[in-house]
Amino acid sequence: MTAQLNARGDVAVLVPAAGAGLRLGPGGPKALRLLAGEPLLVHAIRRVAAAPSVRAIVVAAPASDVQAVRELLAPVAAVTVVPGGAERQESVSLALAAVPPGIDIVLVHDAARALTPPQLIEAVAAAVRAGHPAVIPVLPVVDTIKEVGPGPELEVVLGTVDRAVLRSVQTPQGFRHDVLAAVHAAAADSLTDDAGLVEKAGLPVTCVPGSELALKITRPMDLILAEALLHVS
Ligand code: C5P
């Protein structure tokens, strides 16, 4: 599973963008929310398309918005748009089924990480190309993390996890195409990321340094932060 891929290692990027984005408050699918006048998805795809290894991009859009997303992205990059599913994992599976032939490496990248720099996309692809079957970008955890459980009234602390061994995980997550296809085909339960499926299959998942710019735009404050970061990304 760690054999070196051919030097070209052509890359497809799957972009699950079919989520409702309820945590951002009312206002339609998150990927279509505006950041400085443009949908998050446009910001994300522009950066994906600027990564030199990327040969194909497949977006999973909300089922009701497939045609609108095609029209939105046509001027930005050559993109295949498919209807997404009820859960993120299903959206990824549907996008994976639309990957064209001849692709060795598949990256899965959340539309919500709209400011992810092309350099991070290349770094993840390069690590897969170098022989790692699954690669994730990570950042150190800045907060102290406690494990909690229900108490008589409020939650109570069960323990403190050693912060030094914790990482927060970003996208794009990169995979050998055959590995991602195999774990998705075998997936029984739904996980929040694709590397989790690889872990469950007992294969190694390798970390590369992430980027502060790859923040996930989830809550209203993230939109304000992202707007402030636009001039550096
Ligand atoms: O909900 P969450 O923020 O974890 O979603 C991460 C990414 O997965 C988002 O880009 C969202 O659009 C996408 N997603 C999807 N299909 C779903 C749910 C989420 O493509 N059914």
Side-chain angles (χ1 to χ4, degrees), residues 12-35 38-49 51 54 56-70 72-73 76-77 79-99 106-117 120-121 124 136-139 167-175 180 183-184 187-199 210-211 213-226 229 233:
V13 182
L14 315 184
V15 183
L22 297 177
R23 285 168 291 177
L24 262 186
K30 175 160 69 176
L32 302 179
R33 303 289 180 99
L34 299 184
L35 171 63
E38 286 187 308
L40 291 178
L41 185 58
V42 169
H43 289 279
I45 295 298
R46 194 178 289 130
R47 287 164 177 77
V48 168
V54 173
I57 304 171
V58 184
V59 172
S64 54
D65 296 315
V66 170
Q67 193 50 34
V69 169
R70 271 189 198 124
L72 180 71
L73 296 178
V76 183
V79 172
T80 301
V81 183
V82 299
E87 294 190 5
R88 181 187 179 282
Q89 192 170 309
E90 196 186 344
S91 296
V92 174
S93 282
L94 291 163
L96 188 57
V99 168
V106 177
L107 269 48
V108 185
H109 183 41
D110 289 342
R113 297 186 188 272
L115 301 188
T116 301
L120 182 61
I121 296 166
V124 170
I136 58 174
V138 301
L139 288 179
R167 301 288 179 268
S168 65
V169 177
Q170 302 182 319
T171 73
Q173 300 191 346
F175 307 90
L180 188 65
V183 297
H184 263 270
D189 34 38
S190 193
L191 298 179
T192 54
D193 78 339
D194 302 275
L197 297 175
V198 176
E199 282 165 64
S211 164
L213 291 173
L215 77 154
K216 182 156 120 183
I217 299 168
T218 307
R219 288 161 296 212
M221 201 177 76
D222 300 328
L223 270 176
I224 298 167
L225 179 58
L229 289 170
S233 71

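Remember, it's a predicted structure, so these values are computed and weren't measured experimentally. As the structure lists them, so they are numbered: ligands from 1, and atoms in each ligand from 1.
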Legend entry - SB check Arg113 Asp222 (cutoff 4.0 Å):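 Asp222 and Arg113: not salt-bridged.
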Inset, instruction - Find out whether Leu115 and Arg47 are in side-chain contact, i.e. whether some heavy atom of one side chain is under 4.5 Å from a heavy atom of the other. - result: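 Side chain of Leu115 against side chain of Arg47, heavy atoms only: contact under 4.5 Å found.
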Where does ligand 1 get N/O contacts under 3.5 Å from the protein, atom by atom?
{"from": "ligand 1", "atom 1": "1 (O)", "to": "Arg23", "atom 2": "NH2", "distance (Å)": "3.3"}
{"from": "ligand 1", "atom 1": "3 (O)", "to": "Arg23", "atom 2": "NH2", "distance (Å)": "3.1"}
{"from": "ligand 1", "atom 1": "3 (O)", "to": "Lys30", "atom 2": "NZ", "distance (Å)": "3.2"}
{"from": "ligand 1", "atom 1": "3 (O)", "to": "Lys216", "atom 2": "NZ", "distance (Å)": "3.4"}
{"from": "ligand 1", "atom 1": "4 (O)", "to": "Lys216", "atom 2": "NZ", "distance (Å)": "3.1"}
{"from": "ligand 1", "atom 1": "10 (O)", "to": "Pro16", "atom 2": "O", "distance (Å)": "2.8"}
{"from": "ligand 1", "atom 1": "10 (O)", "to": "Ala111", "atom 2": "N", "distance (Å)": "3.3"}
{"from": "ligand 1", "atom 1": "12 (O)", "to": "Ala18", "atom 2": "N", "distance (Å)": "3.3"}
{"from": "ligand 1", "atom 1": "12 (O)", "to": "Gly19", "atom 2": "N", "distance (Å)": "2.9"}
{"from": "ligand 1", "atom 1": "14 (N)", "to": "Gly19", "atom 2": "N", "distance (Å)": "3.4"}
{"from": "ligand 1", "atom 1": "16 (N)", "to": "Ser91", "atom 2": "OG", "distance (Å)": "2.7"}
{"from": "ligand 1", "atom 1": "20 (O)", "to": "Ala17", "atom 2": "N", "distance (Å)": "3.2"}
{"from": "ligand 1", "atom 1": "20 (O)", "to": "Ala18", "atom 2": "N", "distance (Å)": "2.8"}
{"from": "ligand 1", "atom 1": "20 (O)", "to": "Ser91", "atom 2": "OG", "distance (Å)": "3.3"}
{"from": "ligand 1", "atom 1": "21 (N)", "to": "Gly85", "atom 2": "O", "distance (Å)": "2.9"}
{"from": "ligand 1", "atom 1": "21 (N)", "to": "Ala86", "atom 2": "O", "distance (Å)": "3.1"}
{"from": "ligand 1", "atom 1": "21 (N)", "to": "Glu87", "atom 2": "N", "distance (Å)": "3.4"}

Okay, side chain of [X], backbone of [Y]: is any donor-acceptor separation there less than 3.5 Å?
| X | Y | result |
| --- | --- | --- |
| Ser91 | Pro16 | no |
| Asp193 | Gly196 | yes |
| Gln173 | Ala195 | yes |
| Arg70 | Val81 | yes |

